[in-house]
Colleague: 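Pasting a structure below so you can have a look.
Each chain gets a letter, A, B and so on, in the order the sequences are listed, and its residues count up from 1.
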Amino acid sequence: MGVMADPGQLLGEEFLKRPVLEVAPELLGCYLCRELDGKILRWRITEVEAYDGPEDKACHAHKGRTGRTEVMFGPAGHWYVYFCYGIHWLLNIVTGPEDYPAAVLIRGAGEISGPARLTKALSITGELNRRMAVPECGLWIEAGEILDRAHILTTPRIGVDYAGPDWSRRPYRFLLRES
DNA sequence: GGGAGGATGGAT
DNA sequence: TCCATCCTCCCA
């Protein structure tokens, strides 16, 4: 068994510091929580992708430690938010042990499908980069019900062909079958 | 200091 | 299929 997390419980470092391929599918059904204008939104996570360490050619950290990727080398449970294609913000949660760069890209939650649309809908920008995922910063994750593996669909990741077939074809994308 | 490229999405 | 539009990284 992995780390126990009761529904509604804040997902912290203990839960997230495990290997990213273990954590990523378990984030499905959990709640992405955002406080905006004094109100708290809790959106069920429906789609994620795993980015797994220096060997993973699709992972930003595979070229080493840089200013941008530094946060992925840090302790689990921090946000990695980066700017893409000159327009979009993309949201990741850092996972795995310290000094091992890995993160989960959150691609869908609630009724929103698409990583850039999600950040836009929740007003998430680079201001949250490197912040710890706790209520104090206005963005955190709470545990959901444990899902049966049969509810989870697994596919290759989106938009990472540049990483070459060995990596782009790996089944590192997880989504709820019902979504 | 310059240039290339990118974990997307919306319009054509 | 095109492209908006800019941050980061690498190289000079």
Colleague: Pull out every residue in residues 76-86 of chain A that has a heavy atom closer than 4.0 Å to any atom of DNA chain C, ordered by number, or say none.
Modeller: A:F83, A:Y85, A:G86
Colleague: Got a sec, which residues hit side-chain contact (heavy atoms from CB on, under 4.5 Å) with A:D37, two or more places apart in sequence or on another chain?
Modeller: none
Colleague: Tell me, which stems hold DNA chain B, with a stem being 3 or more Watson-Crick or G-U pairs in a row and both distances under 3.5 Å?
Modeller: B:1-6 with C:6-11, B:8-11 with C:1-4
Colleague: When you measure from every atom of DNA chain C, which of residues 95-116 of chain A have a heavy atom less than 4.0 Å away?
Modeller: none
Colleague: If a pair satisfies salt bridge (Lys or Arg N to Asp or Glu O under 4.0 Å) and one of its residues is in residues 149-171 of chain A, list it, with sequence neighbours excluded.
Modeller: A:D56-A:R157
Colleague: So, using side-chain contact (heavy atoms from CB on, under 4.5 Å) as the criterion, who are the partners of A:E70 when residues are at least two apart?
Modeller: A:R65, A:R130
Colleague: Salt bridge (Lys or Arg N to Asp or Glu O under 4.0 Å): which pairs involve residues 77-96 of chain A, sequence neighbours left out?
Modeller: none
Colleague: Enumerate all atom pairs, one protein N or O and one N or O from nucleotides 1-5 of chain B, separated by less than 3.5 Å.
Modeller:
none

Colleague: Tell me whether A:E136 is salt-bridged to A:R131, with the criterion being a basic N under 4.0 Å from an acidic carboxylate O.
Modeller: no
Colleague: How does the hydrophobic cluster around A:V134 look, that is, which other residues are in it when side-chain heavy atoms under 4.5 Å mark a link?
Modeller: A:L10, A:I40, A:M132, A:W140
Colleague: Measure distances between side-chain N and O atoms of A:H60 and base N and O atoms of B:dA7, and say whether any donor-acceptor pair falls under 3.5 Å.
Modeller: yes
Colleague: Holding to side-chain contact (heavy atoms from CB on, under 4.5 Å), I want the full list of residues that pass it with A:A133, two or more places apart in sequence or in another chain.
Modeller: A:W79, A:I93
Colleague: Just grab all the ring-ring contact (aromatic ring centres under 6.0 Å, His included) pairs involving residues 84-138 of chain A, residues at least two apart or on different chains.
Modeller: A:F83-A:W89
Colleague: Is there a residue in residues 157-169 of chain A whose heavy atoms reach under 4.0 Å of DNA chain B, and which residues are they?
Modeller: A:I158, A:G159, A:V160, A:Y162
